[in-house]
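Just below is one structure, and these are the notes that go with it.
By convention in this document, chain letters (A, B, ...) are assigned in the order of the sequence lines, proteins followed by strands, and residues within each chain are numbered from 1.
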Amino acid sequence: MHLELSEQEQIRRDALRQMRELGIDPYPAESFPVSHTAQGILEGYEKDESAFGEVVLAGRMMSRRIMGAASFTELQDSTGRIQLYFKRDQICPGEDKELYNTVFKKLLDIGDIIGVSGSVFRTQMGEITLDVKQFTVLSKSLRPLPVVKEKDGVVYDAFTDPDQRYRQRYLDLIVNPQVRHTFVQRSRMVNSMREYLNARDYLEVETPVLQPLYGGAAARPFKTYHNTLDMTLYLRIANELYLKRLIVGGYDGVYEFSKDFRNEGMSRFHNPEFTQVELYVAYRDYLWMMDLVEEMVEKVALDLHGTTQVQVGEHLIDFRRPWNRFTMHGVIEHFTGIDISGMDEGQLRATAEQLGVATDPSMGKGKLIDEIFGSTCEGRLIQPTFIMDYPIEMSPLAKKHRSRDGLVERFEAICNGKEICNSFSELNDPIDQRQRFEDQLELGRRGDAESMVLDEDFLRALEYGMPPTAGLGIGIDRLAMIMTNSPSIQDVLFFPQMRPEKKATLDADAAFTELGVPAEWVPVLRKKGIQTLGALREQDPAKLMNDLNGLRKKMKLDIPALQPETVNAWIRS
RNA sequence: GAUUCCGUAGCUCAGCAGGUAGAGCAAUUGCCUUUUAAGCAAUGGGUCCCGGGUUCGAAUCCCGGCGGGAUCACCA
């Protein structure tokens, strides 16, 4: 007896046992090859009613309506749902009606996975339905599913609790078909980009996740430890410095879809691990890369939606080329009417304060401009827009601007008020690069925990000579949010990071029996909520005996009632 | 990390001038041979997140904790 299980779970375990007693294996080993899919039948039958003879389908039973000797259920496979018609005399042609009356009606439950074969027809109500001749149990479900119903596009009793949806994504995927679709779209998006890059003969590569030094971005890392090497390793925060070594090595174009890890706060835009694609192309600059980004993202929109227009929240976003382009100074002037070019740090600080942007004394020129941009422009850029020419202080890996002092050749694409990519003409002057790293070290000494560390081997590589190179990073999760109209990053990650579920501590049954608790009373104690010896010792003996005997009666247990001295003995021992 | 809201049956939710819990679906039982979120009827099912406090009495009020959402901060 599993007294800690809910009534519905106990009923399902009983059904499992009864199946086995009837000689039915609830978890058979053999393959069950299907001939069709739900969607294939629905679409094919609509076009040609004679298209199907016998078909074989498999999937999860999602609803059931029994009307005596006939029943309707819905079968859900990876493509969708189709109605099944079970008729007793068809399932059981002979005298023995057990397969229908007992196995189908009593031992199967919503959530069970079954295989069926039969022919396709249309009911009087006009619904394309499989007339089932045979069915096979493929997997018995022991937990009740959330039951979600839908009619005419209106969903009833939806399974919506974000906590449960993210922790038990499998349930979310079973009952919320739009969630399955979102992740299919995400996968298609990555394939679309990979196709685009492969068509240009760029090489997909892999670089280390475990790194002795972390670099390529401004972020705090996760730290781990290798036993044999007896050394600290970091989980990568970016793969930039490794990919540029490969450009030094002579490849003309390399890219990597990489999981990166940043030990920062979490929000609906941030997960501790996230995916980026980084691309480096030799003999190109950031202006060339801007064209590539436009073309690739436009292709993604077309591949996913068949159009360049994508509905995102309340906005209809159009990825059709060309996108708007602004310089950082230009866009600030566009939205505030203030021309900041040529301002020194003091003037920038005054401008920031005038615009209501919070500042603090540690902010230099670059940071101040970034703050002004962030609070006055970024959120207002809904349609895809390039912002180019960033302050040098914020960009230690980007090449100095070919014509404008104090700036670097860098752009970001902003869409729906958020950055979706970051790119520069890569800095390949090793002496300048060393100086920039040293400036970062200085920032670190001033208390900036996220400043970059100096990577000597990377500098050594640059000293051998890296061709002029354009580099790009696109946040896959962020782009997936936009392309699938998802308001939170958790909606485009199968398993977003969550706090662990709180596990109730409990002592083993044996611990209770050693104390003298009869085995048949242990489940009753658990039912009472007493899961540990400590909890037992805190009980008042008289009240406990009373409660347990009450439960004995309620649970209709055929065991002798407890006596006071027995309960006293447990608690005192 | 800060602010704020939320945590009641397997699911979605109601209950909160404080009087030991309700609905729909799901489940069980019976009837019913083509239904359209739900055929009909009956029945069972709850440590009201956890721990304290106030009170004769707490799902309800107060405090603390845990978990989650939203906004902000950091960051991509």
Side-chain angles (χ1 to χ4, degrees), chain A residues 4-12 14-15 62-74 83-90 100 105-106 109-111 121-127 129 131 141-167 171 175 216-220 237-238 260-276 358 374 412 418-422 448-450 473-479 481 487-490 498-504 526-531 535 547 551 554:
Chain A
E4 69 276 19
L5 297 176
S6 73
E7 184 193 28
Q8 294 193 40
E9 287 172 299
Q10 290 183 43
I11 288 165
R12 283 166 184 247
D14 280 345
M62 297 304 287
S63 74
R64 183 166 60 164
R65 300 182 289 280
I66 295 176
M67 272 143 295
S71 306
F72 288 92
T73 75
E74 275 186 300
Q83 178 168 272
L84 306 181
Y85 178 58
F86 285 80
K87 189 172 176 180
R88 180 174 55 201
D89 296 337
Q90 175 130 291
Y100 181 81
K105 280 172 69 173
K106 303 234 190 275
D109 289 293
I110 290 176
F121 76 112
R122 198 186 282 274
T123 63
Q124 289 171 11
M125 299 305 293
E127 180 157 349
T129 301
D131 187 13
S141 166
L142 296 181
R143 287 177 184 263
L145 285 174
V147 177
V148 180
K149 278 156 305 203
E150 175 266 331
K151 187 192 181 183
D152 299 333
V154 183
V155 175
Y156 300 82
D157 295 342
F159 179 65
T160 53
D161 179 19
D163 185 40
Q164 288 192 67
R165 286 184 48 223
Y166 302 146
R167 285 188 196 281
L171 274 188
V175 304
R220 285 178 302 192
I237 57 172
D260 292 342
F261 305 83
R262 298 190 184 175
N263 208 339
E264 307 279 358
M266 291 163 63
S267 76
R268 78 189 175 95
F269 292 103
H270 300 87
N271 194 65
E273 55 184 291
F274 65 104
T275 305
Q276 283 202 90
E412 293 189 358
K418 274 278 167 188
E419 173 193 343
I420 57 169
C421 83
N422 186 12
D448 183 346
E450 287 161 10
I474 297 181
I476 293 296
D477 313 287
R478 295 273 179 90
L479 189 60
M481 286 169 66
S488 165
I489 198 169
Q490 294 170 306
M498 307 277 279
R499 279 200 169 77
E501 278 181 271
K502 195 172 50 177
K503 254 189 229 144
R526 296 204 188 279
K527 185 83 179 173
K528 176 74 177 62
I530 297 167
Q531 302 288 3
D547 289 350
L551 280 169
K554 189 178 174 193

Taking a pair as Watson-Crick or G-U wobble with both distances under 3.5 Å, which nucleotide is matched to [N]?
{"N": "G46(B)", "result": "none"}
{"N": "G51(B)", "result": "C63(B)"}
{"N": "G1(B)", "result": "C72(B)"}
{"N": "C13(B)", "result": "G22(B)"}
{"N": "G57(B)", "result": "none"}
{"N": "A41(B)", "result": "U29(B)"}
{"N": "U34(B)", "result": "none"}

With a 4.5 Å limit on heavy-atom distance, are the side chains of [X] and [Y] in contact?
{"X": "Arg12(A)", "Y": "Ser141(A)", "value": "yes"}
{"X": "Ile476(A)", "Y": "Phe274(A)", "value": "no"}
{"X": "Asp131(A)", "Y": "Gln90(A)", "value": "yes"}
{"X": "Pro272(A)", "Y": "Met266(A)", "value": "yes"}

Could you give the [atom1]-to-[atom2] distance, from [X] to [N], as a whole number of Å?
{"X": "Arg65(A)", "N": "U35(B)", "atom1": "CZ", "atom2": "P", "result": "10 Å"}
{"X": "Phe269(A)", "N": "U71(B)", "atom1": "CZ", "atom2": "P", "result": "8 Å"}
{"X": "Asp109(A)", "N": "A27(B)", "atom1": "CG", "atom2": "C1'", "result": "9 Å"}
{"X": "Gln124(A)", "N": "G39(B)", "atom1": "CD", "atom2": "P", "result": "17 Å"}
{"X": "Arg167(A)", "N": "G67(B)", "atom1": "CZ", "atom2": "C1'", "result": "7 Å"}
{"X": "Phe159(A)", "N": "A26(B)", "atom1": "CZ", "atom2": "C1'", "result": "14 Å"}
{"X": "Leu145(A)", "N": "C11(B)", "atom1": "CG", "atom2": "P", "result": "11 Å"}
{"X": "Ile66(A)", "N": "C31(B)", "atom1": "CD1", "atom2": "P", "result": "12 Å"}

Could you check which of [options] has an atom nearest any side-chain atom of [X]?
{"X": "Phe274(A)", "options": "A26(B), G67(B), A76(B)", "value": "A76(B)"}
{"X": "Gln164(A)", "options": "U12(B), A26(B), A76(B)", "value": "U12(B)"}
{"X": "Tyr166(A)", "options": "A27(B), U12(B), G69(B)", "value": "G69(B)"}
{"X": "Glu419(A)", "options": "U35(B), G44(B), A76(B)", "value": "A76(B)"}
{"X": "Ala69(A)", "options": "U33(B), U28(B), A76(B)", "value": "U33(B)"}
{"X": "Tyr85(A)", "options": "A27(B), G68(B), U34(B)", "value": "U34(B)"}
{"X": "Ser488(A)", "options": "U35(B), A70(B), A26(B)", "value": "A70(B)"}

Span that lies between the P atom of A41(B) and that of G46(B), in whole angstrom: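 That atom pair is separated by 25 Å.
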Whether [X] contacts [N] is assessed here as follows: a side-chain N or O lying under 4.0 Å from the phosphate OP1 or OP2. Is that the case?
{"X": "Gln10(A)", "N": "U28(B)", "value": "no"}
{"X": "Lys105(A)", "N": "U29(B)", "value": "no"}
{"X": "Arg64(A)", "N": "A26(B)", "value": "no"}
{"X": "Arg268(A)", "N": "U71(B)", "value": "yes"}
{"X": "Arg88(A)", "N": "U33(B)", "value": "no"}

Distance (rounded to the nearest 0.5 Å) between Gln490(A) CD and Ser267(A) OG: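 That separation rounds to 9.0 Å.
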Taking any heavy-atom pair under 4.0 Å as a contact, classify [X]: base, sugar-phosphate, or nothing.
{"X": "Gly265(A)", "value": "base"}
{"X": "Asn271(A)", "value": "base"}
{"X": "Met266(A)", "value": "base"}
{"X": "Gln90(A)", "value": "nothing"}
{"X": "Phe121(A)", "value": "base"}

Greater than 12 external heavy atoms within 6.0 Å of Arg122(A)'s CZ: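 Above 12, so yes.
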Any donor-acceptor pair under 3.5 Å between the side chain of [X] and the base of [N]?
{"X": "Glu127(A)", "N": "U35(B)", "answer": "no"}
{"X": "Thr160(A)", "N": "U12(B)", "answer": "no"}
{"X": "Glu264(A)", "N": "A76(B)", "answer": "no"}

Pi-cation contact, Tyr100(A) with Lys105(A) (under 6.0 Å, within 45°):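 The answer is no; the distance or angle limit is not met.
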